[in-house]
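Chain identifiers are assigned alphabetically (A, B, ...) following the order of the sequence lines, protein sequences preceding nucleic acid strands; residue numbering begins at 1 within each chain.
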Amino acid sequence: MPRVARPAHSRSSRSSTSPDMPRRWRRVPAGLSFATDGPLMLDARVLRQETDDVVARLARRGFAFDRERFDALESERKSLQVQTETLQAERNTESKKIGKAKAAGEDIQPLIAAVGELGERLDGAKARLNEIADELDAFLAGIPNLPDDDVPVGESEDDNVEMHAVGDIPSFAFEARDHVDLGAGLAGMDFEAAAKLTGARFVTMSGPVARLHRALAQFMLDLHTREHGYTEVQVPFIVHADSLFGTGQLPKFAEDLFKLEGDAPWYLIPTAEVPVTNLVRDRILERDELPLKMVAHTPCFRSEAGSAGRDTRGLIRQHQFEKVELVQIVPAGESERALEELTGHAETVLDALGLPYRRLALCTGDMGFSAAKTYDLEVWLPGQGRYREISSCSNTRDFQARRMQARTRSAEGKPEPVHTLNGSGLAVGRTLVAVLENYQCENGDVIVPEVLRPYMGGIVRIEAQV
RNA sequence: GGAGAGGUGGCCGAGUGGUCGAAGGCGCACGCCUGGAAAGCGUGUAGGCGGGAAACCGUCUCCAGGGUUCGAAUCCCUGUCUCUCCGCCA
């Protein structure tokens, strides 16, 4: 991207930019351009040349694209950019003349005067271009990804489409307890203790329950690395705002994140998707490096702002939880296949644990900001008598890749964005909930699923204590 | 945390404020040569953006941001990262 020295008088507008904005974005400058390195999600050319289509597709997911504003900003940007570059070209050639004249021992004073005037005009043009570029950047950064054509159109989760359901919903000869009661009975889960330590939406676990939680994560990691070809990665749980911008959590969803104090724009990760996917930021990957398949087990931190009153009981919705995350980086054109594969990998975990679940295709209105297509996996929870989300698998196509400049080469050798996918495989805490509730006995004991027993020292049953 | 040294193209590595997007080397690609290969020789080999049907042209990028200047890879300031030494620490 062009890096033009930002004229001093434009600093005020730039410095008013939110400190939460990624450094890369603030840096943009200047912008002689806003695409690719700017906060762009959609292909700039596609947006410009096929605006009607883009607007229509965004409307399907309930996003109102301000066509008039875009057209106005874009046309102004274009004329200013041409004007600025023309002036720069002039200045460059004139300045070179000075160099030559000086070398030839000629008088360069008249030349310097002429170029000086040019420079002032150039500064003015740059300043106006920067302002427009800033506006355009902010405008474009808030536009979500385009939904795939086969994504069901809808407004809310009520419009999601069930693809299939696997496993029989268990029927108990007694009244099923929920995981909170079970956890208490096993003396392994204490919400009050966590509330004392920190506050609401935290939990402490102990004994066999804590071990079961660990066993689940180990099992998932082993399954994905041994059977599904993923490479285990260990990543920071604190990331720079730039990374959050790359995957699309910023600038729009800062209120969902925990931000650290201090000068650095650092945040606790809301999902391993952020650090893992950003591993390929600013890289041009060789074709034979792809696909990249990575799995990471990390804690996740979410402020759950705006979730007051929702799922207040139990560990369904916590500020901190653990997750085993799958990420794939693939060449364009392979991501549709990869989404099916990755979702299948997540389902394998549920199959192995013998938990009943179903797969939903999220509708346009329920998908996340960065997703082009998303499958949610929902597990059956006897304690609630309903399915609950336990995994979300998304294809973001080139949306994240463009924001983070992650590329590979086309057959012609030209750089082109990769496609990125991510999905939970699975959310460990919620899987624990599902295991406890689905494997409960009438007396409050919980049977350990067979595949987990090697991770539990052979324990078959966790016995109720109280 | 303290002190010092440094961040240049895929890699290594030059670069007196002007003709430097940047010598040279390595790697890579293509070609010549060869029965084939190696060696040798030749040519090419960053990215973004804008304009253009294209050829191509323009512009920007030598860690980042700011400054000085007609002109900055080169000078100044700040930040950041890496390395070495000291301190601290799991």
A:Ile284 vs A:Thr93, nearer the 5' end of RNA chain B by closest nucleotide: A:Ile284
Residue mapping more 5' on RNA chain B - nearest nucleotide basis, A:Thr86 or A:Pro415: A:Pro415
ring-ring contact (aromatic ring centres under 6.0 Å, His included) involving A:Phe253 - partner list, sequence neighbours excluded: A:Phe369
For the [atom1] atoms, the ones on [N] and on [M], what distance do you get once it is rounded to whole angstrom?
| N | M | atom1 | result |
| --- | --- | --- | --- |
| B:C20 | B:C26 | P | 23 Å |
| B:U8 | B:C62 | P | 12 Å |
| B:C41 | B:G79 | C1' | 49 Å |
| B:G66 | B:A14 | C1' | 28 Å |
| B:U59 | B:U16 | C1' | 28 Å |
| B:G42 | B:C33 | C1' | 11 Å |
| B:A22 | B:C60 | C1' | 15 Å |
| B:G17 | B:G24 | C1' | 23 Å |

For [X] and [N], what is the distance between atoms [atom1] and [atom2] respectively, to the nearest whole Å?
| X | N | atom1 | atom2 | value |
| --- | --- | --- | --- | --- |
| A:Asn130 | B:C60 | CG | P | 14 Å |
| A:Glu286 | B:C28 | CD | P | 13 Å |
| A:Glu74 | B:C49 | CD | P | 13 Å |
| A:Glu85 | B:U61 | CD | P | 11 Å |
| A:Gln83 | B:C60 | CD | C1' | 17 Å |
| A:His240 | B:C81 | NE2 | C1' | 12 Å |
| A:Gln405 | B:U61 | CD | P | 16 Å |
| A:Gln88 | B:G51 | CD | C1' | 15 Å |

Whether A:His319 and A:Phe202 hold their rings parallel, tilted or perpendicular, with breakpoints at 30° and 60°: tilted
Any strand counts, and the cut-off is 3.5 Å on both contacts for Watson-Crick or G-U wobble. Which nucleotide pairs with [N]?
| N | result |
| --- | --- |
| B:G4 | B:C83 |
| B:C33 | none |
| B:C75 | B:G67 |
| B:U16 | none |
| B:C88 | none |
| B:G27 | B:U45 |

Pairs under 3.5 angstrom, nitrogen or oxygen only, protein versus nucleotides 69-76 of chain B, please.
| from | atom 1 | to | atom 2 | distance (Å) |
| --- | --- | --- | --- | --- |
| B:C70 | O2' | A:Ser95 | OG | 3.4 |
| B:G71 | O4' | A:Ser95 | OG | 3.4 |

Proximal nucleotide (of B:U59, B:G51, B:G47) relative to the A:Arg48 side chain: B:G51
Closest listed nucleotide, where the reference is the side chain of A:Arg409 and the choices are B:G47, B:C49, B:C60: B:G47
Do the side-chain N or O atoms of [X] get closer than 4.0 angstrom to the phosphate oxygens (OP1, OP2) of [N]?
| X | N | result |
| --- | --- | --- |
| A:Lys78 | B:G50 | no |
| A:Arg407 | B:G48 | yes |
| A:Asn92 | B:C60 | yes |

Aromatic ring proximity, centroids under 6.0 angstrom, A:Tyr267 and A:Phe258: no
Side chain to side chain donor-acceptor pair (under 3.5 Å) contacts touching residues 419-430 of chain A (sequence neighbours left out): A:Glu273-A:Asn422, A:Ser335-A:His419, A:Thr396-A:Thr420, A:Gln400-A:Thr420
Which pairs would a plain distance check flag for residues 321-328 of chain A, meaning a side-chain donor or acceptor within less than 3.5 Å of a matching protein atom at least two apart in sequence or in another chain?
| from | atom 1 | to | atom 2 | distance (Å) |
| --- | --- | --- | --- | --- |
| A:Glu322 | OE1 | A:His297 | NE2 | 2.5 |
| A:Lys323 | NZ | A:Thr271 | OG1 | 2.8 |
| A:Lys323 | NZ | A:Glu325 | OE1 | 2.6 |
| A:Gln328 | NE2 | A:Tyr230 | OH | 2.9 |
| A:Gln328 | NE2 | A:Glu341 | OE2 | 2.9 |

Test item: A:Cys393 and A:Leu342 side chains (from C-beta on) under 4.5 Å apart, heavy atoms: yes
Acceptor/donor pairs from residues 213-223 of chain A side chains to any protein atom, 3.5 angstrom cut, sequence neighbours excluded:
| from | atom 1 | to | atom 2 | distance (Å) |
| --- | --- | --- | --- | --- |
| A:Asp222 | OD2 | A:Tyr455 | OH | 2.7 |

Residues A:Arg69, A:Glu135: salt bridge by 4.0 Å N-O rule: yes
Sequence neighbours excluded - salt bridge (Lys or Arg N to Asp or Glu O under 4.0 Å) pairs with any residue from residues 188-198 of chain A: none
